[in-house]
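These values consider heavy atoms only, across backbone and side chains, with no hydrogens, waters or symmetry-generated copies.
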Amino acid sequence: MKTKLKLIALVLAAVTVISLFAGCNKNKSDDNNGMPEYIYIPTYYPLDFDFEEGYVGNTAKASDGIYILVNEKDGTQKREYTYTDENGEVIN
């Protein structure tokens with residue numbers, strides 16, 4: 001029984017080694033020296049925002065461009081928002 005099990009393990013190991021060598025293609029032509037045919041090169045454009053205090057909140061891409069939500073501090077006015085639940089009561 002042990003001899004039969006050893007023989008099966010040896011055959012499976014041989015099949016595994018042969019399948020590893022079958023994956024190597026030595027006849028492959030290497031015309032481009034390992035470089036892909038197309039390479040993506042990004043283009044960066046400067047965004048000139050005219051504000052001193054603020055930040056870019058959200059961005060979204062659409063088919064016709066990019067939309068950017070810019071939050072800017074405008075003066076010293078303070079706005080206070082209250083949040084209410086479905087019954088109209090103020091949530092603290």
CD1 of Ile41 to OH of Tyr38, rounded to nearest 0.5 Å, is 13.5 Å
Show me the donor-acceptor pairs within less than 3.5 Å that the side chains of residues 1-11 make with the rest of the protein, sequence neighbours left out.
none

So side-chain hydrogen bond (donor to acceptor under 3.5 Å, both in side chains) across residues 56-66, not counting sequence neighbours, yields Asp64-Tyr67
